[in-house]
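Input: a single structure, listed below in structure tokens.
Chain letters run A, B, ... following the sequence lines, proteins first, then strands; residues in each count from 1.
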Amino acid sequence: MITNYLKIAWRNLQKNRTSSLINIVGLGIGLATFIFIMEYISLEKSVNQFHSNVDNIYRLLNEDKEGVTWSEVEPGWAQLFKDKQSAIESYCLAEQGIGQGIVQNIEKNLSFKEDRIGYASGNFFEFFTFNIIEGNKTDLKTPQTVYLSETTSKKYFGESPAIGKSLTLNNQFGKVNYSVKGIFADIGQESDIQYDMVFSLETLRSAAFLNGNGWADLNNFDSQFINLYVATAPNTNINILEKDINKLRSEVSKEDDGVTFRLQSLKNMHLGTSLGDQLQTYGNLKYIYILSAVAALILLIAWFNYINLSTAASLKRSQEVGIRKTIGASKGQLISLFLAETGLITGIAYSLAFLLVILIQPYFNLLTGKALSLNSLQLSNVWIYAFSALILATFFAGFYTAFVLSNFKPVDTLKGKLKGSGSGQWVRKGLVVSQFSFSILLIIATAVIFLQLKFMKNSELGINTDQMVVVSGPQVGLDSTYQSRKKVFLNYLGQQSFVKEYATSGSVPGKYYNFRTAGFTQPGSKPDDKFKSYAFLIISDQFLSAYGIEIKAGRNFTYQECDVEWNDNSKVLINEQALSSMGFANAEDAMQKGIQWDERHLDIIGVTADYHHTNLKNAIDPIIYYPQLNGQYYSVRLTPENLSCKLSSLEREYKSVFPGNPFEYFFTDEAFARAYSEEEQYGQIFTIASLLAIFIACLGLFGLATFVVETRTKEIGIRKVLGASVSGIVSLLSKDFVILVVISLVIAAPVAFYLMVNWLKNFEFKVEINWVLLFILVGISVVMVSLFTVAIQAIKTANAKVTKSLRAE
Amino acid sequence: MIRLTNLDKRYRTEEVETIALDKMNLEVKEGEFVSIMGPSGCGKSSLLNIIGLLDDLDGGSYLFNGIEVAKFNERKRSELRKHNIGFVFQSFNLIDELTVYENVELPLIYTKVNAADRKKRVEEVLEKMQIMHRKNHFPQQLSGGQQQRVAISRAVVNKPKLILADEPTGNLDSANGNEVMQLLTDLNEQGTTVIMVTHSEHDAKYSHRIVRMLDGKTVTENILL
């Protein structure tokens, strides 16, 4: 029976080549999209879940009064919690950021700037489940030891064994030698904790290795710079533990800073528990939901094609259904027959989908920046639910079609009375409207994303970024000769005709600040004002002029004012935002009163204009400029043209003055553009999604038009006999479809408006959109595309010979 | 075998109600060959559809082998139909996607006859109808006469007690037409009851009795034997 059904299904599929092809291609693309997105979601769901104790590990977070959380905490809490809380069995401290610097294999004369490195507690490899390939897990407890990833080991030592060899780390803690004690398997996308090298945190216990950085004292309760993970006893009530550690916190802390502790499960560290979860995560759950919705929409559009085309084609097959019924086919038998056809078509579509996935995988990986494959589906059990839903939906689509087909009354179908039932036509029209509504929704979303991106990239930042190159300052050789060598390099910059301006600073526009901190008050402050956070930017006297930041009142720092020890300085500049945030009446008021930073008093010597330091997604922060001759970044504005030549001159000089340091630079423009990479990714995904959606929807429209033209062949013949023109007939046939597309626009536009206005709320600075014009433009383009689709069929029919169309019945 | 009493059938559109059968009475005995004649629109086809259980009736009684079937639901009708009634249409109504063999086999599949028996019976019928050599052809590859022979094969493969033929020669030339009429006569002689709707006086002469209809009623009955 089944083979019989499949045989007939196969013959039908060959007979109706156009609609079969449309169904298979549409479903294939839809399914491929679905599979891709499932791969992505599976991977995202699996991140961090490989740790054997994942259920009992929690990360400590700080949460301020506004619900903002961050993971850098004071290291002193670790031992205190373990001592006082029996529920905490062990802890692990790990940081990534303060250790960044230049690593050298002096023996081989190799040096690289390393970002994915950091210090971790000695039990790091016991606490977490990373795979140790060589060495044992416990050697990190010894100071001046380091574990390398497999790839990093090869980078510094080639194929020769690395264990026991020495590497030198140059960073803010000076120049320290470390002995390689272990090799671990490369940490990939399955983990949020990402290290190429893990240095023993124990090293920093000795004051000699702190290099004057007292803030990094591992027993301190003052400076937040490290991540703290705790392993709790099984079945610990986390809410109670959270309360208990907060009680401890308020006992130990000297003053109320408005911050409380939160415990975040390692399980939820990547995606959070829900969209309402405010705790800081590495992944983006919202992105997962948006992607799923996009996949579902595209798949729905493809399925609607299937339902539409098969029920439409069924009218042609009504006679067959009639005969089968007359001969004695039961409804169940007919349903099975049509389900077999659905099965065959979806079977082929699935094969096509897997083929597409294999072919397109590299491009999708490029788009997402992840190494995905069909194997990724196994990473979590999401796929079980997803594919069950998929099979259920396939069955539903098939069943609906089968049901419609098998329901014909034999006497009607045999007499050819059936011309499409009223309700069937409405369902078809409804599905077309849904398809085009989805497509238009995606197109409008894409347009808005790109308008906002363009706006952010082209907006005035309030600074001059033209040809501004930022060179990372040296980290190797920061000895007694460094200051004089720095002067040599600055003098060189001053003498070059291709250097227009230059400055040193602790951070630069397009990057983050040096840090953010609170605790600023002035005589007129309100009680809660001390909780307000301010951005700190360490600058030299040339910084403001180099970037063209206007001084609105007061004056700039002098060179002498910058050439002071951190704690000896008493002068700051602030921006206008800070001026109002601090509650001063005006710049004069500020310069007169100055501010209190906990116990220190600082004079405000001037107020600068506001500018965008990070990007246009965020509001302009209140900034406090702190004077130092800090050489973390050298900003150099070059004269236009021949940039590569000028950059090589810079590199030559840099390397001769700061030997052992790699020459690393970026353009300020690029740094700002990088801030929008998430939006760029959204933009790309939505472009692809909307192209696919409109393509599949148009495929369906083409199929339907073919069907309509076939059923109206005789009518067209008669009209032509009576004198209708080709254009008249084309417009007659196209009109109905265009009306459907217009209805779709009317439905999609308000939904798109609502969703995208909400999306734009993520941006402090948003593009002004003429929504009506946007809707009209999108509407016109979609109508044109659909008109073109329908017209292909309509023109063919309108031009056909009259005798042919009249003979058709 | 068939007793119709006061049979009513009306067709309604939004504005017009057409009476197709008006208190129609008819009795057909087992083994009879009855022709139904009359002008277009007199209700011949409606009558045939009701006898064939393809359509509902609006009033009256329909006894099939002594059982009242007027109130049967679709499932029961389908059951009765597939075991007892074979259909032959003017336009053959073969399924284009199936071969000759598969078309004839179809009723046996629906009555759940096993594969070996199916093969035997299909081949038997095709031999008898002299169309065996075309069993792997598709309907569109056959002449009209051949197609109708396939249709008759399909109608009789299940050995129905009753064959309903709706203008079976309407689309055929006279030679093929005569051949089809001869086949029906042969079947009748082997015991199958045949009810045939026709416009052709020539064809009607093959039957035992002619029922002439006008406006949904019987006007005359001629016994030909």
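Atom NZ of A/K331 is surrounded by more than 12 heavy atoms from other residues, nucleotides or ligands within 6.0 Å. Summarising the local packing, CZ of A/F695 is surrounded by 12 or fewer heavy atoms from other residues, nucleotides or ligands at distances under 6.0 Å. When the shell of 6.0 Å around CZ of B/F72 is examined, it contains more than 12 heavy atoms from other residues, nucleotides or ligands. Atom CD of B/E68 sits in a crowded spot, with more than 12 heavy atoms from other residues, nucleotides or ligands closer than 6.0 Å. Within 6.0 Å of atom CG in B/D96, more than 12 heavy atoms from other residues, nucleotides or ligands are found, so the atom counts as buried in its surroundings.
In this structure, the separation between CZ on A/R324 and CG on B/L98 is 5.5 Å, given to the nearest 0.5 Å. To the nearest 0.5 angstrom, B/N103 atom CG is 7.0 Å from A/I327 atom CD1. Here the CD1-OG1 distance, from B/I85 to A/T326, works out to 10.5 Å after rounding to the nearest 0.5 Å.
Within the 4.5 Å cutoff, no side-chain heavy atoms of B/K82 are placed close to those of A/K325. In this structure, A/I323 and B/R154 have side chains that are in contact, with non-hydrogen atoms separated by less than 4.5 Å.
For the set B/L106, B/T111, B/N158, the entry with the most heavy-atom pairs within less than 4.5 Å of chain A is B/L106.
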Side-chain polar contacts of residues 132-141 of chain B - donor-acceptor pairs under 3.5 angstrom, sequence neighbours left out - could you list them?
{"from": "B/R134", "atom 1": "NH1", "to": "B/H137", "atom 2": "NE2", "distance (Å)": "3.4"}
{"from": "B/Q141", "atom 1": "OE1", "to": "B/F138", "atom 2": "N", "distance (Å)": "2.6"}

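In terms of heavy-atom proximity, A/G328 sits nearest to B/S78 at O-OG, 3.8 Å.
Proximity to chain B (any heavy atom under 4.5 Å) is restricted, for A/K7, to the side chain, taken from C-beta onward. Within the 4.5 angstrom heavy-atom criterion, no atom of B/L80 approaches chain A. Heavy atoms closer than 4.5 Å to chain A are found in the side chain of B/D56, but not in its backbone. Heavy-atom distances place the side chain of B/E102, and not its backbone, under 4.5 Å from chain A.
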Worksheet item: How far apart are the C-alpha atoms of A/R11 and B/T99, what are their side-chain angles, what is the distance that settles it, and do they pass the side-chain contact (heavy atoms from CB on, under 4.5 Å) test?
Response: CA-CA 11 Å; A/R11 286 186 198 153; B/T99 62; 4.3 Å; yes
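Residues passing the side chain to side chain contact (heavy atoms under 4.5 Å, CB included) test with B/K23 are B/N6, B/D8, sequence neighbours excluded.
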